[in-house]
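We name chains A, B, ... by the order of the sequence lines, and we start the count at 1 in each one. Values reported hereafter were calculated over all heavy atoms of this structure, with side chains retained and with hydrogens, waters and symmetry mates removed.
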There are 2 protein chains.
Amino acid sequence: MNKRPTIRDVAAMAGVSVATVSRVLSGDYPVANATRTKVQRAVRELDYVVNAHARALSGATSNVVALVMYDVVTPFFAFIASGVEYQATESDRLCLVCTTHGDPDRELEIVKLMREQHADAVILVGGVNMTDDYRERMYRYAKGLEDAGSRLVLCGRPSLGPDFPAITVEYDNAGGAFSATSHLLSSGHRRIAMLGGPIGNTTFDARLDGYRRALEAFRVPVDPALITHGDMSQDSGFRQVQRLLADGVEFTAVFAANDFVAAGAMRALRAAGKSVPDDVSVIGYDDTPFAPELTPALTSVHLPHEELGRTAVKLALQRGEGSARQHVMLGTHIAMRDSVRPLI
Amino acid sequence: MNKRPTIRDVAAMAGVSVATVSRVLSGDYPVANATRTKVQRAVRELDYVVNAHARALSGATSNVVALVMYDVVTPFFAFIASGVEYQATESDRLCLVCTTHGDPDRELEIVKLMREQHADAVILVGGVNMTDDYRERMYRYAKGLEDAGSRLVLCGRPSLGPDFPAITVEYDNAGGAFSATSHLLSSGHRRIAMLGGPIGNTTFDARLDGYRRALEAFRVPVDPALITHGDMSQDSGFRQVQRLLADGVEFTAVFAANDFVAAGAMRALRAAGKSVPDDVSVIGYDDTPFAPELTPALTSVHLPHEELGRTAVKLALQRGEGSARQHVMLGTHIAMRDSVRPLI
DNA sequence: ACGCGTAGGGTAAACGCTTTCTAGAATCGT
DNA sequence: ACGATTCTAGAAAGCGTTTACCCTACGCGT
């Protein structure tokens with residue numbers, strides 16, 4: 001149970017001053033080779049490691065990146081976390097992970113903790129229930145983080161305003177929806193049902209918008225009867241298709257707001273005796289890990305989760321003029337599988 | 001761009017000494033109500049937060065728990081991480097997450113980083129390729145962590161020896177295999193194929209051992225022809241069953257070393273025109289999230305991943321005599337689904 | 001009236017490192 | 001050969017807290 005050695009012990013053993021030891025360890029300042037060797041031997045001898053807290057207190061940076069998200073097991077978040085962790089390691093930072101389980105108070109609490117920790121960057125992933133009170137407190141914390149030299153990064157949630165001191169990284173939801181719809185259109189489909197998400201949700205509004213723009217680009221009139229709404233569950237997809245069928249709405253393809261909805265839609269179609277993709281083509285969104293496992297394997301809009309995480313860290317760590325309020329939109333691509341078939 | 005306020009600023013604004021501010025914030029030492037109020041107002045006014053590094057430097061603990069694992073997206077690890085994060089938060093600790101991707105050097109590097117950080121606990125999950133050199137260095141780091149007041153926790157990997165200064169938390173692999181095999185035996189099966197993992201892997205050796213002991217308990221002779229080995233992939237399960245079938249080995253049930261192998265086995269059986277569970281019962285291990293999604297839904301040995309994570313943190317944070325070298329084994333249970341059927 | 005225990009609060013010494021500032025020694029140009 | 005650089009390295013001033021130590025009142029028993 002030896003006390004852990006300090007830089008002073010190393011200095012004593014090497015017969016130099018603490019300043020010299022510090023310089024050998026940091027490696028920037030010129031040190032004579034002989035001295036360097038002596039110090040390094042002492043370090044090894046004593047099994048010395050620096051005290052990160054002392055270093056952080058003395059210098060400026062803590063080398064910590066904080067990741068705040070809903071939970072850790074949902075693949076969506078797990079993949080983003082993976083990207084963040086990867087890039088953080090790449091940049092010689094450690095990665096602090098916290099979960100909110102959707103509790104805004106907890107999120108604010110965490111932001112405060114991160115301020116205490118002097119995290120280089122705080123990355124907030126996904127949405128919370130956005131109230132005015134929340135916005136206001138959030139703004140204060142963002143300012144606080146900025147003053148503390150931290151960067152706040154909002155991931156996959158819309159920017160809170162141009163004057164909001166934060167970096168925003170999001171997916172190009174509209175673009176992905178545009179591609180997906182175009183894919184169906186150029187396969188000859190004209191009657192494309194859009195199974196939307198909750199009304200007013202920025203993510204799903206954007207996807208709906210992309211759908212509309214694609215139709216317009218192909219000079220296909222937008223038929224409101226083809227557009228439905230619901231939540232983001234499998235059940236919702238099931239019911240939306242059921243309703244469409246019951247109402248006698250005709251369609252040869254379905255564009256679902258996400259893969260869960262798509263899975264439900266496929267179930268409903270099968271239940272109605274329609275084959276996917278022979279009778280109806282289906283395309284999803286998010287490219288969830290289970291998408292390839294469905295029968296038929298679901299074609300879906302792939303979101304670059306890991307890249308989102310990596311980009312967030314990269315932007316946050318990059319210093320320089322104007323780097324504190326960037327807004328980046330990540331492109332998507334279609335993962336083609338077996339649930340879409342050209343109309344003859 | 002205001003500089004962030006220090007405790008001195010708060011003291012000045014409240015008209016008290018820094019010691020008093022510190023005492024108000026820590027809340028242990030008696031402080032007059034009027035004074036307390038003044039200080040709290042100043043804190044709010046200045047939007048002051050303590051500097052965690054200064055606190056850690058001055059006091060002893062850093063309030064950080066470190067989690068080191070293979071990766072972040074594999075459900076096995078993600079669920080453990082979830083448990084760790086949960087318990088860490090519960091205990092007012094922050095959770096540092098690092099990944100190794102199986103690189104032992106990286107793992108040792110991380111342990112060193114954690115020593116620098118004065119982490120309260122370092123939790124190592126899963127196996128690495130265990131070489132002698134690795135063991136030896138690991139031992140040094142464990143000692144180092146102990147000297148630094150940290151706890152080392154080995155999760156789901158066998159203890160490195162009784163004199164090894166670490167806590168060990170693992171699954172009862174043998175027990176789970178015993179239950180699984182017993183389940184098949186008491187359903188009337190006598191010819192049970194065991195699709196094992198790599199030879200020499202402590203995890204899979206234990207599972208094989210449980211299988212043997214169950215057979216013995218039921219006075220069923222162990223037939224070496226029924227025991228095969230391979231890696232832990234789906235392909236491996238496929239090939240092992242194919243081989244068994246080709247060799248004309250008779251069996252009515254299969255116990256697979258894990259769910260991937262089980263999935264491969266089911267595929268091979270189906271390919272051979274055998275129905276699961278009508279002709280052959282199959283049971284897996286790990287209860288991976290996809291187990292219920294297979295057709296038929298796979299009966300599997302459920303491992304309490306989250307509990308493993310929580311237990312690791314709990315044990316590590318618990319102080320007191322002998323608390324530094326405990327060895328805990330977590331029980332398992334069978335998640336019954338549709339892939340096992342009693343023999344008439 | 002006096003000593004004393006205690007609540008309340010200030011002073012200053014760590015905690016372990018980085019980073020100026022300073023200065024001796026070595027090298028160099030002329 | 002001598003001042004001017006360039007290397008090297010030490011002394012010491014922080015960085016922002018906590019905490020041991022000290023001091024002042026005040027209430028109380030005797």
Value in whole Å for how far the [atom2] atom of [N] lies from [atom1] of [X]:
X	N	atom1	atom2	value
Asn51(A)	dC15(D)	CG	P	18 Å
Tyr29(A)	dT8(D)	OH	C1'	7 Å
Gln117(B)	dC17(C)	CD	P	13 Å
Glu116(B)	dG16(C)	CD	P	15 Å
Asp9(B)	dC15(D)	CG	P	11 Å
Leu25(B)	dT19(D)	CG	P	12 Å
Asn63(A)	dC17(C)	CG	P	15 Å
Ile7(A)	dG14(D)	CD1	P	19 Å

Q: Would you please indicate if the ring centroids of His101(A) and Tyr86(B) are separated by under 6.0 Å?
A: no
Q | Output field: ring centroids His327(B)/Phe164(B) closer than 6.0 Å | A | no
Q.
Please classify the nucleic acid contact of Val21(A) as base, sugar-phosphate, or nothing, using heavy-atom distances under 4.0 Å.
A. nothing
Q: Report the residue (Pro5(A) or Thr20(B)) whose heavy-atom-nearest nucleotide on DNA chain C is the more 5′ of the two.
A: Thr20(B)
Counting side-chain heavy atoms from CB outward, which of [options] is closest to [X]?
X	options	value
Tyr48(A)	dA12(C), dC17(C), dG8(C)	dC17(C)
Ala54(B)	dG9(C), dG10(D), dG16(D)	dG16(D)
Ser22(B)	dG16(D), dG8(C), dT19(D)	dT19(D)
Arg8(B)	dG16(D), dT18(C), dT18(D)	dG16(D)
Ala19(B)	dT19(D), dT17(D), dG16(C)	dT19(D)

Q: Verify the contact: side-chain N or O of Ser17(A) to OP1 or OP2 of dA11(D), cut-off strictly under 4.0 Å; return yes or no.
A: no
Q: Would you tell me if any nitrogen or oxygen in the side chain of Thr6(B) comes within less than 4.0 Å of OP1 or OP2 on dC15(D)?
A: no
Q.
With nearest nucleotide decided by heavy atoms, which residue, Leu57(B) or Asn33(A), maps closer to the 5′ end of DNA chain D?
A. Asn33(A)
Q. Will you find, in the side chains of Asp103(A) and Thr100(A), an N or O donor that is under 3.5 Å from an N or O acceptor?
A. no
Q.
Between the base of dG16(D) and the side chain of Ser58(B), is one N or O donor paired with an acceptor at under 3.5 angstrom?
A. no
Q.
Taking donor-acceptor contacts at under 3.5 Å, does the side chain of Arg23(A) reach the base of dG10(D)?
A. yes
(Q) With a 4.0 Å cut-off on N to O distance, would you call Arg151(A) and Asp120(A) a salt bridge? (A) no
Q: Answer yes when Arg4(A) and Asp9(A) have at least one side-chain N-carboxylate O distance shorter than 4.0 Å, and no when they do not.
A: no
